[in-house]
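So the structure is just underneath, and the comments pick up after that.
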Amino acid sequence: MKKWLFAALLMMAGVAQAAIVEGKDYVLLAKPQPVATPGKVEVIEFFSYHCIHCFNLEPSLEAWSKKLPADVSFRRQQIVWGKQMEPLARLFATFTLTKTLDRLHRPALTAMVQQHVNLADEGQMTKWLATQQGVDSKAFMQVYKSFGVNAQVAHATQATLDYAIQGTPTIVVAGKYATLAAEPAQLLKVVDELIIKARGK
């Protein structure tokens with residue numbers, strides 16, 4: 001076989017191997033959802049603070065999110081599968097409204113997964129919060145119990161249903177492509193490919 005032909009076949013094999021496959025790497029949502037920022041490719045991580053896979057993904061995801069191109073938006077969403085998970089959605093919403101998400105998101109994952117602190121329990125959560133430097137616990141708890149946070153908890157519950165989230169982490173791209181379970185490096189490769197795919201639509 002000629003060298004150039006052999007090289008071409010190797011290149012084609014590499015491209016084929018890199019391609020993502022529907023049903024293996026991702027699925028199409030049965031009901032596509034509207035994006036929050038028209039004109040951008042929206043990426044949402046559906047996660048939970050008690051999820052060890054979300055904990056393992058976080059270092060890679062955080063680094064990935066800091067290098068996004070201008071036409072891609074990224075946000076997180078705590079899922080709610082039942083009343084018992086509402087306190088975690090309340091915590092996440094409070095982080096967002098108090099602008100402490102960047103500072104407290106990863107420590108909250110660590111607290112639940114590694115330190116076995118139940119942040120869904122208000123008593124344990126307030127004790128943990130008091131250990132976080134630079135946080136006004138009184139002001140934080142006022143927001144935590146506010147009507148604004150109540151509305152965000154209801155939104156998180158509805159979003160979990162609307163996006164048909166069955167496991168965490170699930171990353172949804174452009175309101176229609178949802179990733180399937182994979183190791184962090186592979187998962188983010190799939191997300192990158194889905195972003196390219198969404199741009200072409």
Side-chain angles (χ1 to χ4, degrees), residues 35-37 39-80 85-122 124-157 159-160 163 165 168-175 179 184-185 187-192 194-195:
V35 298
T37 311
K40 288 197 173 187
V41 180
E42 182 181 68
V43 179
I44 308 172
E45 181 210 12
F46 288 88
F47 78 99
S48 184
Y49 281 117
H50 75 282
C51 167
I52 189 170
H53 303 297
C54 303
F55 173 80
N56 290 335
L57 173 64
E58 183 56 26
S60 299
L61 183 63
E62 185 178 5
W64 174 88
S65 69
K66 291 177 180 178
K67 301 175 183 178
L68 292 177
D71 68 335
V72 177
S73 67
F74 172 70
R75 63 186 175 90
R76 296 177 170 88
Q77 180 66 67
Q78 164 70 46
I79 56 94
V80 179
M85 298 187 77
E86 287 183 359
L88 297 180
R90 182 172 294 278
L91 182 65
F92 175 74
T94 308
F95 287 161
T96 303
L97 290 175
T98 58
K99 302 188 187 307
T100 56
L101 183 62
D102 288 346
R103 193 191 326 168
L104 297 179
H105 179 70
R106 197 163 172 182
L109 281 165
T110 300
M112 286 207 75
V113 174
Q114 285 195 324
Q115 299 166 352
H116 308 294
V117 178
N118 181 11
L119 297 180
D121 177 86
E122 189 173 321
Q124 291 191 46
M125 186 273 289
T126 53
K127 288 180 182 178
W128 171 81
L129 191 65
T131 68
Q132 304 305 302
Q133 292 186 350
V135 177
D136 184 335
S137 297
K138 185 177 179 180
F140 186 96
M141 291 308 296
Q142 286 177 341
V143 176
Y144 182 85
K145 296 176 181 292
S146 68
F147 289 112
V149 166
N150 290 345
Q152 291 210 24
V153 171
H155 171 76
T157 302
T160 304
Y163 286 85
I165 303 303
T168 53
T170 294
I171 299 179
V172 175
V173 177
T179 59
L187 183 63
L188 292 176
K189 285 180 182 178
V190 171
V191 173
D192 286 337
L194 289 173
I195 290 171

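Keep in mind the model is a prediction, meaning the values are calculated, not measured.
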_Please check: side-chain N/O of Arg103 versus main-chain N/O of Gly134, any donor-acceptor pairing under 3.5 Å?_
yes
*asked:* Would Thr126 and Met141 count as a side-chain contact (heavy atoms from CB on, under 4.5 Å) here? Give the steps.
replied: CA-CA 8 Å; Thr126 53; Met141 291 308 296; 3.8 Å; yes
*Partner set under side chain to side chain donor-acceptor pair (under 3.5 Å) for Thr170, not counting sequence neighbours*: none
_Heavy-atom closest contact (Ser48 atom, Cys54 atom, distance)_ = N-SG, 3.7 Å
*So Phe95 and Phe140, would you call those rings parallel, tilted or perpendicular, with 30° and 60° as cut-offs?*
tilted
*Classify the angle between the aromatic ring planes of Tyr49 and Phe47 as parallel (below 30°), tilted (30 to 60°) or perpendicular (above 60°).*
perpendicular
*State, with a plain yes or no, whether a side-chain heavy atom of Leu57 is found less than 4.5 Å away from one of Glu45.*
yes
*Results of salt bridge (Lys or Arg N to Asp or Glu O under 4.0 Å) for Asp71 - residues two or more places apart only*: Arg199
*Return the minimal non-hydrogen interatomic distance between Ala156 and Val80, and the atom names on each side.*
CB-CG2, 4.0 Å
_Separation between CD of Gln142 and OG1 of Thr98, rounded to the nearest 0.5 Å_ = 12.0 Å
_For Thr94 against Val149, the heavy-atom pair lying closest together_ = OG1-CG2, 3.8 Å
*Would you mind checking if Glu122 and Arg90 are paired as a salt bridge, meaning a charged N to carboxylate O distance below 4.0 Å?*
no
_Test item: His53 and Thr168 side chains (from C-beta on) under 4.5 Å apart, heavy atoms_ = no
*Kindly give the heavy-atom pair with the smallest separation between Leu88 and Leu119, and that separation in Å.*
CD2-C, 4.0 Å
_I need the Leu129 CG to Lys127 NZ distance, nearest 0.5 Å._
13.5 Å
*Glu42 side chain vs Ala36 backbone, donor-acceptor pair below 3.5 Å*: yes
*Does any non-hydrogen side-chain atom of Tyr144 lie less than 4.5 Å from one of Ser137?*
no
*Quick one: CG on Asn150 to NZ on Lys145, what's the gap to the nearest 0.5 Å?*
10.5 Å
_Distance in Å, Leu104 CG paired with Leu109 CG, rounded so as to fall on 0.5 Å steps_ = 11.0 Å
*With the side chain counted from C-beta on, respond yes when Thr160 and Met85 share a heavy-atom pair under 4.5 Å apart, and no when they do not.*
no
*How long is the gap from CG on Leu61 to CZ on Arg106, to the nearest 0.5 Å?*
10.0 Å
*asked:* Please report the interatomic distance CZ(Arg76) to CD(Glu58), rounded to the nearest 0.5 Å.
replied: 4.0 Å
*State, with a plain yes or no, whether a side-chain heavy atom of Ile165 is found less than 4.5 Å away from one of Gln77.*
no
*Mind checking whether Tyr163 and Phe46 have parallel, tilted or perpendicular rings, split at 30° and 60°?*
tilted
_Give me the atom names and distance for the closest heavy-atom approach of Val35 to Ala174._
CG1-C, 3.9 Å
*Checking side-chain contact (heavy atoms from CB on, under 4.5 Å) for the pair Val191/Phe74: CA distance, chi angles, key distance, verdict?*
CA-CA 11 Å; Val191 173; Phe74 172 70; over 6 Å; no
*Is there side-chain contact between Gln152 and Gln78, with at least one heavy-atom pair below 4.5 Å?*
no
*Do Met112 and Met125 have side-chain heavy atoms sitting under 4.5 Å apart?*
no
*With a cut-off of 6.0 Å (strictly less than), are more than 12 heavy atoms of other residues, nucleotides or ligands near CG of Leu68?*
yes
